[in-house]
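What follows is a short report on a single structure.
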Amino acid sequence: MTVVDASTAAPPVLEPPPRPDPATLTAELLDRHRRAAEGTDRSATERQHARGKLTARERLDLLFEKDSFCEVEPLRVHRATGFGLEHKRPYTDGVVTGWGTVEGRTVFAYAHDFRIFGGALGEAHAEKIHKVMDLAESAGAPLVALCDGAGARIQEGVTALAGYGGIFRRNVRMSGVVPQISVMLGPCAGGAAYSPALTDFVFMVRGISQMFITGPDVVRAVTGEEISQDGLGGADVHGSTTGVAAFVHDDEESALAEVRHLLSLLPSNNRELPPREYPGDSPVRRTEALLDLVPADPSRSYDIREVIAELVDDGDFTEVHEGWARNVVCALARLDGHPVGIVANQPSCLAGVLDIHASEKAARFVRTCDAFSIPLVTLLDVPGFLPGADQEHGGIIRHGAKLLYAYCDATVPRISLVLRKAYGGAYIVMDSRSIGADLAFAWPTNEIAVMGAEGAANVVFRREIAAADDPEAARQRLIEEYRAQLMHPYYAAERGLVDDVIDPAETRAVLIRSLAMLRNKQTSLPSRKHGNSPT
């Protein structure tokens, strides 16, 4: 009998486990992608719909052309531990990121998925957003953020806060490089609100969007004030009171449709010109209706939006910040198919004066247009700056200087048109020839002066009026004398401050010809790191 030493015996040969066939591996892959798309459970989707809200993927389907969305990192999961997080690692980590096409052009997007962790931002969630932002910058394509999140993921602590810091830094780095649009489709509280505030345009939807730094509970605890979430930071508050929201809509579908339209008016990046759409509207169409729309009497009101509609292609324009600072209108439109930015005083609100909010609104719009090579047309009918202690103490000097700075710093083609009155510093600030408008035109109804004839006469001729036997008759005579000498329609044209006084019916044709001439405008700026804009 032979005894075998077990210590030297060869180990048994183990058969390797069978490798899964490609069909099995593919089936597993498809199952993982299915779970990533469907979310953690069906009831979460039902709860989202019960709130009157769409899911992240339904929103992306509305934003992008059919079957064009390409997702990035759908299988990403977080790596945090503690507080039970190690047992919950859903795919996507609560944010869907990627790119698709809008009218054939590439657009990047990220959409918070409220069904997963309430859309709260953690480390992996933030890194996905960072990646898609970096891709948008590298590819030179717009970025759309569909925001519906509960802020920082508290269980992940400071790493979540650092994730927001990375988003803010990229928002600033990309500013003026590619268009950035934020669409608020849920809550946005605390520091998270600063990312939308750093982007070019903010959309909000009534009933589901709220933005605030400190919520109603904190306000109640600190000040005792009772206020709802909508009352504190709802869509209408930010659309009409704070100016945070550029666009306010009643539902998600119309908001996302407007995002698509806005993208069609913007270039993909700051190295391209905005896309042209060939219009059905004639470039030489006469605008006879303007003769009836704008009263010759400078004290009579009218709606400047009717003037804009008469001038632009097919009467179609997109007003930005429609509900805020209504005494100035800022709009994007097309002239002969080319996008243009329009800044116009609104006589139907506060007589069209410039005040703190109007100056800030117009300055922001001018800088946005300049950043993305959109020419500017300015329509003037302005009696001056709004007087009063509230305006002075609120910083009208500083805020008015923002608009002045924005125009002076803009290098895009700039055309100004005086419709009726243009008085004092407000005339200078509203892109006059003296601050660099390429071309300045006026209608025969224009009155360009330091101030209105009545006020001027009271200052210049006050002693003569006081000494007259009939002060009121003398006052009226001197008002007419001042108007005839210094405020007639051709006074500025005779001194080269207006390039031409034009027939209102020819306005559209004049603007289109002028913009065509300026399309290849080249401007050389002094070398500098950056200017020091009033803030």
Side-chain angles (χ1 to χ4, degrees), residues 32 35-41 43-45 47-48 51 53 55-57 59-60 71-98 108-136 143 145-174 180 182-199 209-218 221 229 233:
R32 289 173 183 261
R35 284 184 283 149
E38 291 181 355
T40 51
D41 63 83
S43 63
T45 300
R47 289 193 298 273
Q48 181 78 346
R51 298 184 187 100
K53 296 161 63 175
T55 66
R57 295 179 187 277
R59 291 162 176 166
L60 291 167
E71 189 170 352
V72 176
E73 296 189 2
L75 303 181
R76 184 74 180 265
V77 296
H78 72 76
R79 58 185 180 181
T81 58
F83 305 101
L85 283 179
E86 62 272 21
H87 305 302
K88 292 182 64 178
R89 287 197 166 97
Y91 289 133
T92 75
D93 200 44
V95 64
V96 182
T97 59
F108 288 82
Y110 64 87
H112 297 129
D113 191 341
F114 198 81
R115 302 173 305 167
I116 298 174
F117 298 129
L121 181 140
E123 180 187 31
H125 183 122
E127 288 177 351
K128 289 181 66 175
I129 295 175
H130 296 168
K131 180 167 186 174
V132 82
M133 294 179 79
D134 291 342
L135 285 171
L143 175 73
L146 304 181
C147 303
D148 184 9
R153 197 174 299 169
I154 298 172
Q155 300 94 318
E156 294 197 29
V158 71
T159 56
L161 295 179
Y164 273 121
I167 293 173
F168 302 156
R169 178 165 57 88
R170 287 168 173 83
N171 284 138
V172 174
R173 192 177 69 202
M174 296 165 65
Q180 299 180 76
S182 297
V183 190
M184 314 312 297
L185 300 168
C188 186
Y194 284 114
S195 177
L198 290 169
T199 60
S209 303
Q210 299 92 30
M211 294 175 67
F212 36 70
I213 300 301
T214 54
D217 292 341
V218 176
Q229 287 194 352

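When reading the values below, keep in mind they use all heavy atoms of this one structure, side chains included, and skip hydrogens, waters and symmetry mates.
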Distance in Å, [X] [atom1] paired with [Y] [atom2], rounded so as to fall on 0.5 Å steps:
X      : Y      : atom1 : atom2 : value
Asp113 : Thr92  : CG    : OG1   : 5.5 Å
Lys131 : Phe108 : NZ    : CZ    : 11.0 Å
Met174 : Leu198 : CE    : CG    : 12.0 Å
Tyr91  : Arg35  : OH    : CZ    : 4.5 Å

- [ ] Apply the test side-chain contact (heavy atoms from CB on, under 4.5 Å) to residues Asp134 and Arg170: give CA-CA distance (whole Å), side-chain angles for both, the deciding distance (0.1 Å), then the verdict.
- [x] CA-CA 8 Å; Asp134 291 342; Arg170 287 168 173 83; 2.9 Å; yes

Open item on the list: Before you tell me yes or no, could you show the steps for Ile167 and Tyr194 under side-chain contact (heavy atoms from CB on, under 4.5 Å), namely the whole-Å CA-CA distance, both residues' side-chain angles and the distance that decides it to 0.1 Å?
Closed with: CA-CA 10 Å; Ile167 293 173; Tyr194 284 114; over 6 Å; no

Any donor-acceptor pair under 3.5 Å from [X] side chain to [Y] backbone:
X      : Y      : value
Ser195 : Ala192 : no
Arg115 : Ser43  : no
Lys128 : Val95  : yes
Glu73  : Thr97  : no

- [ ] Verify side-chain contact (heavy atoms from CB on, under 4.5 Å) between Lys53 and Leu185, making sure each step is shown before the conclusion.
- [x] CA-CA 8 Å; Lys53 296 161 63 175; Leu185 300 168; 5.9 Å; no

Task: Listed partners of His112 passing ring pair (Phe, Tyr, Trp, His ring centres under 6.0 Å), at least two apart - done: Tyr110, His125

TODO: Apply ring pair (Phe, Tyr, Trp, His ring centres under 6.0 Å) to His78 and list each qualifying residue two or more places apart in sequence or on a separate chain.
DONE: Phe117

For the residue pair [X] and [Y], establish whether any side-chain heavy-atom pair is separated by less than 4.5 Å.
X      : Y      : answer
Asp148 : Pro187 : yes
Leu85  : Glu156 : yes
Asn171 : Gln180 : yes

Open item on the list: A quick test of your reading: do over 12 heavy atoms of other residues, nucleotides or ligands sit less than 6.0 Å from CZ of Arg89?
Closed with: yes

Task: Flag if over 12 foreign heavy atoms under 6.0 Å of CZ, Phe168 - done: yes

Testing the basics here: between [X] and [Y], what is the closest heavy-atom pair and its distance to 0.1 Å?
X      : Y      : result
Val77  : Ala124 : O-CB, 3.9 Å
Gly163 : Ala126 : CA-CB, 3.5 Å
Leu75  : Ala36  : CD2-CB, 4.4 Å
Gly122 : Ala160 : CA-CB, 4.3 Å
Ala193 : Met211 : O-CE, 3.9 Å
Met184 : Cys188 : CE-CB, 3.5 Å

TODO: For side-chain contact (heavy atoms from CB on, under 4.5 Å), just list the numbers for Gln229 and Phe212, CA-CA rounded to whole Å, side-chain angles, deciding distance to a tenth of an Å, and then say yes or no.
DONE: CA-CA 8 Å; Gln229 287 194 352; Phe212 36 70; 4.1 Å; yes

Open item on the list: Applying the salt bridge (charged side-chain N to carboxylate O under 4.0 Å, His left out) criterion to Arg76, which one of Glu127, Glu71, Glu123 satisfies it?
Closed with: Glu127

